[in-house]
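Some notes on the structure that comes next.
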Protein chains: 2
Amino acid sequence: MSKPPSGRRKESALSRERIVAEAVALLDEGGEPGLTFRALADRLATGAGALYWHIDDKRDLLIAACDAIIASAVDTPASKATPETRIRTIAGRLFDAMDAHPWIGGALTQAGGTLPAVRILESLGQQVQALGVPQKQQWSTTSALMSYITGVGGENAARSQLARRHGFDRSRLLTEVSQTWAALDAQAFPFARQVAARLPTHDDRADFLAGIDLILRGISASAQRHRR
Amino acid sequence: MSKPPSGRRKESALSRERIVAEAVALLDEGGEPGLTFRALADRLATGAGALYWHIDDKRDLLIAACDAIIASAVDTPASKATPETRIRTIAGRLFDAMDAHPWIGGALTQAGGTLPAVRILESLGQQVQALGVPQKQQWSTTSALMSYITGVGGENAARSQLARRHGFDRSRLLTEVSQTWAALDAQAFPFARQVAARLPTHDDRADFLAGIDLILRGISASAQRHRR
DNA sequence: ACCTGAACACCGTTCAAGT
DNA sequence: ACCTGAACACCGTTCAAGT
């Protein structure tokens, strides 16, 4: 992984890449609250202040960590698949990345307009274009896809953070939520009560992709209407 | 606004409602970082520790503040409009609430499964049901709508937080982002570059509703396919 | 140029002590 | 039952001082 020492005295000088890599490790272990400058400095055997020579501030660090994950997630090989399936593939890979690194959801929300967000926008936008969506609607269509994806990511992040806080696992947490919903007022919350039962056993990834398909169908329905 | 003192000695005893109301005010003024127990205690002329008699912790407080806004946003009068337009109305009201209180976006993400989230789910779910979506798809359809809405809200929140930090206004910030995107590598980011020009003048609310319409069209397209 | 580590100005939360 | 306010265990960030 790390390139061999180049013969210099210090094989492990501090660098932005090393800091970001360790930040990702810290985030994976403890979520967003797990990333602190002190813990990071400890792991890198340096002082907290030293980090500021390589990074601007915590936001910069979080976005850089996020970008490291996102960059590899959207880096899909060129393919001859239809734009629809390519969008599905990209979305699936993003879901998996957000699932493996639950802090990504929250980080991505804070990263609006920055590199990781642009990477996602770009890879989706190219396929939206290929889909034949007229120029004028390309932005709103792409950003709808993107908002949906980050929305799901954010909820994922919140859920796993909550589970961590209580020391629960995912299914225990969902069971808990399901029971709360089932006990809600029948007059005011009929839908939540009805849906509560299915909560603990539902498949997050399948539901996520069902949402993507809904949007894709909406896009193609709009196109047909236009063509007439 | 405040009801007249009821004749009791202490007209302003601490209460959960008063704390939450002041928390909303603090959040509106300074965003999420503006809400601290010390500032809140100051404004309520009490000690920070006193607040813990009425609220569990900061998360509890943030969710309660969020719920105060969401409850009034989803409280739409009964109407004979089509489910589609009712969904559009609910979404629009949520957008306006998230626009007026930009911290809502972030709070809502942290509020997964709790009351404010259930309120939104319920009001959307009832209309999804009215739309004739089959039982099995009602959950994934409703949560897709919900994820999209919270996703947009989160981005809104991030943008306004960033603008506040830099002391910029919204349009200044978008211009800045637009310039960054326009300067990206032409090979790697053609879509972002193309879309950059339109960024500063786009209408957030219209784009948001366009996304809602996309999902609604996807729903009705799925229904037609089913009916055949 | 790069790193050290103490210091600063904050946080959320607890808890003995009061009324 | 409810409130006080000091104390605790943290934060991110800065900056003089070192190499």
Side-chain angles (χ1 to χ4, degrees), chain A residues 5-6 8-23 26-27 29-66 103 106-107 110-111 158 161-162 164-167, chain B residues 6 8-24 26-27 29-66 103 106-107 110-111 158 161-162 164-167:
Chain A
S6 61
R8 293 302 178 82
R9 215 180 49 228
K10 268 216 167 180
E11 47 133 329
S12 61
L14 221 45
S15 70
R16 190 177 164 92
E17 295 85 56
R18 281 191 66 222
I19 293 173
V20 170
E22 208 65 54
L26 236 26
L27 286 160
E29 287 170 30
E32 240 198 83
L35 177 63
T36 69
F37 280 80
R38 273 163 250 257
L40 197 51
D42 272 1
R43 298 248 255 185
L44 293 164
T46 182
L51 303 172
Y52 282 86
W53 189 264
H54 301 276
I55 56 162
D56 294 343
D57 51 23
K58 192 168 182 180
R59 189 184 117 91
D60 177 38
L61 178 57
L62 193 63
I63 291 176
C66 183
W103 50 274
Q110 290 170 58
Q161 200 172 322
L162 193 62
R164 194 197 307 273
R165 227 158 71 122
H166 290 314
Chain B
S6 63
R8 293 301 177 82
R9 215 181 49 227
K10 270 218 166 182
E11 48 134 327
S12 60
L14 220 46
S15 71
R16 191 176 162 91
E17 294 85 56
R18 280 191 68 223
I19 293 173
V20 170
E22 207 65 55
V24 169
L26 236 25
L27 286 160
E29 287 169 30
E32 240 197 83
L35 177 62
T36 70
F37 280 80
R38 273 162 250 257
L40 196 51
D42 272 1
R43 297 248 255 186
L44 293 163
T46 182
L51 303 172
Y52 282 86
W53 190 265
H54 301 275
I55 56 162
D56 294 342
D57 51 22
K58 190 168 183 181
R59 188 184 118 92
D60 177 39
L61 178 56
L62 193 62
I63 291 176
C66 184
W103 50 272
Q110 288 169 58
Q161 201 171 323
L162 193 62
R164 195 197 307 272
R165 227 157 72 119
H166 290 315

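Scope of the values below: all heavy atoms of this structure, side chains included, with no hydrogens, waters or symmetry mates. Predicted model, so just to flag it, every value in this text is computed and none were measured.
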Let me know the distance between [atom1] of [X] and [atom2] of [N], rounded to the nearest Å.
X	N	atom1	atom2	answer
Asp57(B)	dC11(C)	CG	C1'	14 Å
Leu40(A)	dC10(D)	CG	P	17 Å
Asp42(A)	dC3(C)	CG	P	16 Å
Leu14(B)	dC3(D)	CG	C1'	8 Å
Phe37(B)	dA6(D)	CZ	P	19 Å
Glu32(A)	dC11(D)	CD	C1'	14 Å
Leu26(A)	dC11(D)	CG	P	10 Å
Leu62(A)	dC11(D)	CG	C1'	15 Å

Q: Taking all non-hydrogen atoms of both residues into account, name the closest pair between Ala13(B) and Arg18(B) and its distance.
A: O-NH1, 3.4 Å
Q) Of the non-hydrogen atoms in Ala65(A) and Leu27(A), which two are nearest, and what is the gap between them? A) CB-CD1, 3.9 Å
Q: Sugar-phosphate means primed atoms, P, OP1 and OP2; the rest is base. With that split, encode nucleotides 14-19 of chain C 5' to 3' as B, S or - using protein heavy atoms under 4.0 Å.
A: BB----
Tell me, please, which residues at least two apart from [X] pass side-chain contact (heavy atoms from CB on, under 4.5 Å).
X	result
Ala158(B)	none
Glu22(A)	Ala25(A), Leu40(A), Arg43(A), Leu44(A)
Arg164(B)	none
Ala21(A)	none

Q | Side chain of His54(B) (C-beta onward), nearest among dC3(D), dG12(C), dC3(C) | A |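 The nucleotide sitting nearest to the side chain is dC3(D).
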Q. With respect to the side chain of Thr36(B), which nucleotide from dG12(D), dG12(C), dT13(D) is positioned closest?
A.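 Among the listed nucleotides, the one closest to the side chain of Thr36(B) is dG12(C).
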Q: Taking only the side-chain nitrogens and oxygens of Trp53(B), find out if one of them lies under 4.0 Å from OP1 or OP2 of dC3(D).
A: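 Trp53(B) to dC3(D) OP1/OP2: no side-chain N or O under 4.0 Å.
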Q) Does any pair with a residue in residues 35-63 of chain B pass ring-ring contact (aromatic ring centres under 6.0 Å, His included), and if so which ones, sequence neighbours excluded? A) Phe37(B)-Tyr52(B)
Q. Pick the nucleotide of DNA chain D nearest each of Gly47(B) and Pro33(A); which residue has the one closer to the 5' end?
A.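 Here Gly47(B) is the residue nearer the 5' end.
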Q. Can you tell me which stems DNA chain C forms when a stem means 3 or more consecutive Watson-Crick or G-U pairs under 3.5 Å?
A. C:4-8 with D:12-16, C:12-16 with D:4-8
Q: Could you check whether Leu35(A) gets within reach of a base, just the sugar-phosphate, or nothing at all, counting any heavy atom under 4.0 Å?
A: sugar-phosphate
(Q) Could you work out, with salt bridge (Lys or Arg N to Asp or Glu O under 4.0 Å) as the rule, every residue matching Asp42(A), not counting sequence neighbours? (A)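 With neighbours one apart ignored, the set is empty.
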Q. Residues two or more places apart in sequence or in another chain: which of them pass side chain to side chain donor-acceptor pair (under 3.5 Å) with Asp60(A)?
A.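 Partners of Asp60(A) by the side chain to side chain donor-acceptor pair (under 3.5 Å) criterion, ordered by chain and then number, come out as Arg16(A).
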